[in-house]
Every structure is written in structure tokens, then in C-alpha cells.
Amino acid sequence: MSRTNDRLLLVDGRLVPGAGGAFETINPATEEVLGTAADASADDMDRAIAAARRAFDETGWATGHAFRARCLRQLREGLRRRADELRELTIKEVGAPRFLTFGAQLDAPVDDLAWFADLVDDYGWERDLGRAEPMGMPSHRRVVREAVGVVGAITPWNFPHQINLAKLGPALAAGNTVVLKPAPDTPWCAAVLGEVIAEETDFPPGVVNVVTSSDHALGAQLTQDPRVDLVSFTGSTATGRNVMASAAGTLKRVFLELGGKSAFVVLDDADLRAACSYAAFAGITHAGQGCAITTRILVPRERHDEAVEITARALAKLGAGDPQDDRTICGPVISARQRERIEGYLEQAVKDGGAFACGGGRPEGRDRGFWIEPTLITGLTNDSRAAREEIFGPVLVILPHDGDDDAVRIANDSPYGLSGAVHGGDVERARGVARRLRTGTVSVNGGVWYGADVPFGGYKQSGIGREMGVAGFEEYLETKAIAEGV
Ligand code: NAD
């Protein structure tokens, strides 16, 4: 097993260096160079696509249900065996707070592979529609579900294991072959998947290919190549738009998980202290670098000032800390570029008339690493840039509402529709508000929607399609009707 600080590509079943050399991966908490990842060239990507195509067209992968389930379980076991090493790697490369690696940053998505393996066994691959006589011609009809073909999976850096595995799990369970192109900021999290697949599983060569690269153009290459049947993309809405446009040339299927600007609605019968404290915690977890994080807090106007005080105090207490520390909720942001982007939003918020109830800049005493203090912006309206655009940092905007209808109106007044939360004393009423939110997921009174069996995705400009759950699995299937003359 390669255990050096230089990680490789997985192409056609072999761990190989990149023709483009290697690029560095950096610890965002310290700016320490962790090592290098293989830098794939366009030719490497071409070979990976060819391998995936051949594995799909010329092997029994797509029809060997039991074999596929076994390979997925081997992958899960291989990753579990390396859990300690992966945990440290994830904290270092992603800047993910340690506590999150016991959930969505590592353990949960690895465990969830079992759910997809079980689904291969349990899924109704064929449905008998019985006999009919369309136009007087006796026929026996069946509907068969089968794999789409070669999947190009393009992923971001914020929850790399979750997103890589939420694509690999269902895509492979469905019988597809995959070329995974991870984000340049977190190549190791993907490269270790390649190592485990090559060394600890029976996945046939070409079924999974992992192509790390410093160049976004390799993602674009996947979207344009006619040998790729489906592009499964998670990332920003701006890039998602490019992916969709570029996939149109070959009319491939496109599945998009994009950005969000989700609302945390506090109703007037809620326990304000509990709700606002929870909003603070939820909003700055992993430095706010989660697409479904609730970054607009909507509070009853008459209790606005009190809500600001509670939220600001909670944020200041949580602070930004070393991700190695198991009490840390908010670690660093991923890069200097991302920090600059967030600082641009903070400057803009002030120009738009906003004020900081806490935070608003870099924390004191952290000279190395990419840090932003947990920040609460007051005094803005829902049409300000900080309230409309995805900041992807530990920055929350608090806005007053005038009752349930107004809260729903403000929450839905967004180009995004990914997620949301509602807190209220009367659960029936809170549930009613949740049903009116135009988003793919909603939490009521702290309920957690995340899980292998729960479809996740967005309305409006937050995406197309669903990831995870049976709905997510079916994104990777074609439907074929077969009629036999009888
Ligand atoms: P990004 O859009 O910059 O990049 C995502 C991936 O796309 C990377 O692998 C990148 O190399 C690749 N890419 C860039 N340009 C491309 C192109 N023209 N064609 C094909 N691929 C291209 O996003 P990011 O900065 O890595 O991640 C943060 C964004 O991801 C945020 O907007 C966040 O909301 C979103 N996100 C969404 C979800 C979701 O499920 N809805 C989950 C996590 C993150």
C-alpha cells in the first residue's frame, strides 16, 4: 500500500502518477503542506473515461447484482479499517472539526455504503405489467431498470467523503461505472478511495477511476465527452450552470446539487433562547461551509433585539478553533481565496448598512491558516447581497419577520431552495410552516433529515434531482419497457 505523502490516480484498476506531475495539498488550519496528489492531464482523463466505458460495455458489472453489492461492502470495510488514518487526514486536509468526522465528514457516509449494497439486493429491478392487447395485439409487458452507463462525478471540497460516497455508492449499486473528479482543494480524500478500491476490493479494472487534478478543465472534459452518459455534479450554482450548458452538446443526463441560502425560521411561540442558540451552532458548524446550512435567521420583529443578543453571545462563545480539538464546532475556511471571498461579503454588508453584532473579521492570534470569526450581521434586508448570496463562511444574517406568513414569504424569497428550519412551540403550526417552504429538506424543532435513506436536493437554483435515498439511487437508472408478443 502506498503510504507516502504523494498520492496517485486510479485509472483502469491501477494506481498511477499523473502526467501533469503533482500538486500540493494544504492544511487550511496551519497552511502546512501535507504532501502532493497526482496532477492528471487531459490524456489521463481520456484514459479513465475509456476504461470506464470499456468496463461498462464489455464486462458483466452492470448485470452482476450480487457481485456489485459485495464490492461495495468490501469498500466499506476497507475504509472502516483505515478509519483512524482517514479521520486525521480529513481533519488536516478539509479543516473539518474532529466531532464532524464521527458523522457526515467520515463515519456516516462510509457506513451508508451498506445501505446502497443492501438496496442492490432488495430493489425491484423488474416489474411485470402483465398482459394487454394494445391495438388488438396480445403482449406481455415488463419494465426493467438498468444502469445509465458511464457516470462522471464532479465534487467539491467541503464534505468530500460525504459527497464522493453519496455519488459512488448509488451509481455503482445501480451498475454504472464511474470517473470521479474531486475538487483540487481536497485531492487526498478522494485518492484514498482509489487506494482502498485498488488494494482491498474486487472492483474490476475501470469500474471506478479517481482522477485528481489541479485543473478545473478536467471537470469540463467529463461534461463534454460523448462516452460519458451522465454527469453527477455537486458544487456552486455558477459552475452547475456551466456543467449543464456544456453537457447539452452531447445531451447527457445531468444531476446537480448546488448552493443554498437557507432560512432558520423562529416562530413567535418558540423558546427563543433555545432556538437562537441552536441557530448559532448550526450556522457556523464547519465554518459555515455546508450547502444546506441555515444562514438567514428569521426572528419575530418584537423580539429581534433579544434574538440578536442571544445569537451573538452564542456565536462568540463557540468561536473559531483548532479542528483537532474535539470541542471545536467552527474550524478554518478552506483557502486564502475562500477567506478573501468571505471578507468581500463582510465589506459589502457594511456598505449596505449592516452592522456586526459579533465577529466581522479574522480572529486575533491566528497568524497561520485561513480563519474568519463567527459573525452575525444585523440591520440588512432580505434583498441585500449578504442575505441573497451564498457566502460559504461562518457568517449569519438575522432578519425580522411579522408573523408566519411573512416568515414564509421571506424564507421563499430566494433564488435558492435547498433547505430550511422551523422552530416553534406548537409543532402542528411549525410543521405547517415547514410544508410551505420551497426547499428540498426542512428541519422542524431540531429534527435531522440527513441519512442514507433520505433524498436530499434542491428546488429552484439549488439543483436538479435528488441524492441518496431510493430517489437518489434511481437518478442512476434507465427505464426499459419490454413487450413480448404472446
Ligand atoms: P465549484 O463549483 O467551484 O467546484 C466544484 C467542482 O467542479 C470541483 O471539482 C471543480 O474542479 C469542478 N469544476 C469547476 N469548474 C468546472 C467546469 N466548468 N466544468 C466542470 N467541473 C468544473 O464548488 P466548490 O467551491 O468546490 O464547492 C463549494 C460549492 O459547492 C458551494 O456553492 C456549495 O453550496 C456547493 N455544494 C453543494 C452541495 C449540495 O449538495 N447541494 C453540497 C456541497 C457543496
Side-chain angles (χ1 to χ4, degrees), residues 23 28 37 39-40 42 45 94 96 104-105 109 152-167 179-187 189-190 210-225 228 231-249 252 254-262 285-295 333-335 337-342 345 389-393 414-419 439-441 449-450 454-469 472 475:
F23 65 107
D39 204 357
M45 179 57 93
V94 187
Q105 281 286 14
I154 304 173
T155 58
W157 42 262
N158 59 329
F159 279 78
H161 300 302
Q162 203 288 318
I163 298 166
N164 291 339
L165 293 175
K167 297 196 186 304
V179 179
L180 171 64
K181 208 299 286 169
D185 308 84
T186 50
C189 286
V210 181
V211 184
T212 54
S213 174
S214 60
D215 188 354
H216 296 307
L218 267 67
Q221 189 178 341
L222 266 180
T223 66
Q224 286 156 4
D225 194 297
V228 176
V231 171
S232 177
F233 172 82
T234 298
S236 61
T237 294
T239 308
R241 225 171 257 128
N242 291 335
V243 165
M244 198 169 176
S246 133
K252 49 176 67 58
V254 183
F255 163 64
L256 304 171
E257 294 289 355
L258 309 176
K261 191 74 198 183
S262 302
T285 296
H286 190 30
Q289 301 169 115
C291 51
I293 285 181
T294 40
T295 48
V333 299
I334 191 73
S335 60
R337 186 177 134 254
Q338 189 68 11
R339 180 180 57 191
E340 233 173 76
R341 200 176 155 266
I342 298 165
Y345 276 107
E389 298 178 19
E390 185 178 53
I391 298 175
F392 232 54
S414 168
Y416 294 112
L418 194 55
S419 193
T439 63
T441 50
W449 42 255
Y450 176 79
V454 182
F456 171 73
Y459 289 20
K460 301 192 265 181
Q461 294 185 29
S462 287
I464 297 177
R466 290 294 175 272
E467 192 143 78
M468 310 217 284
E475 297 285 351

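Ligands are counted one by one from 1 in listed order, and the atoms in each one are counted from 1 as well.
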Closest heavy-atom pair and its distance - V228, K252: O-CE, 2.9 Å

Name the residues with a heavy atom less than 4.0 Å from ligand 1? I154, T155, P156, W157, N158, I163, K181, P182, A183, P184, H216, G219, A220, F233, T234, G235, S236, T239, V243, E257, L258, G259, C291, E390, F392, L418, F456

Any chance the side chains of Y345 and E389 put a donor and an acceptor closer than 3.5 Å? yes

Determine, for K167 against E467, whether the closest basic-nitrogen to carboxylate-oxygen distance falls under 4.0 angstrom. yes

D225: salt bridge (Lys or Arg N to Asp or Glu O under 4.0 Å) partners, not counting sequence neighbours: R227

Any side-chain heavy-atom pair from I464 and V254 closer than 4.5 angstrom? no

For the residue pair F392 and W157, does the interplanar ring angle fall in the parallel (under 30°), tilted (30 to 60°) or perpendicular (over 60°) class? perpendicular

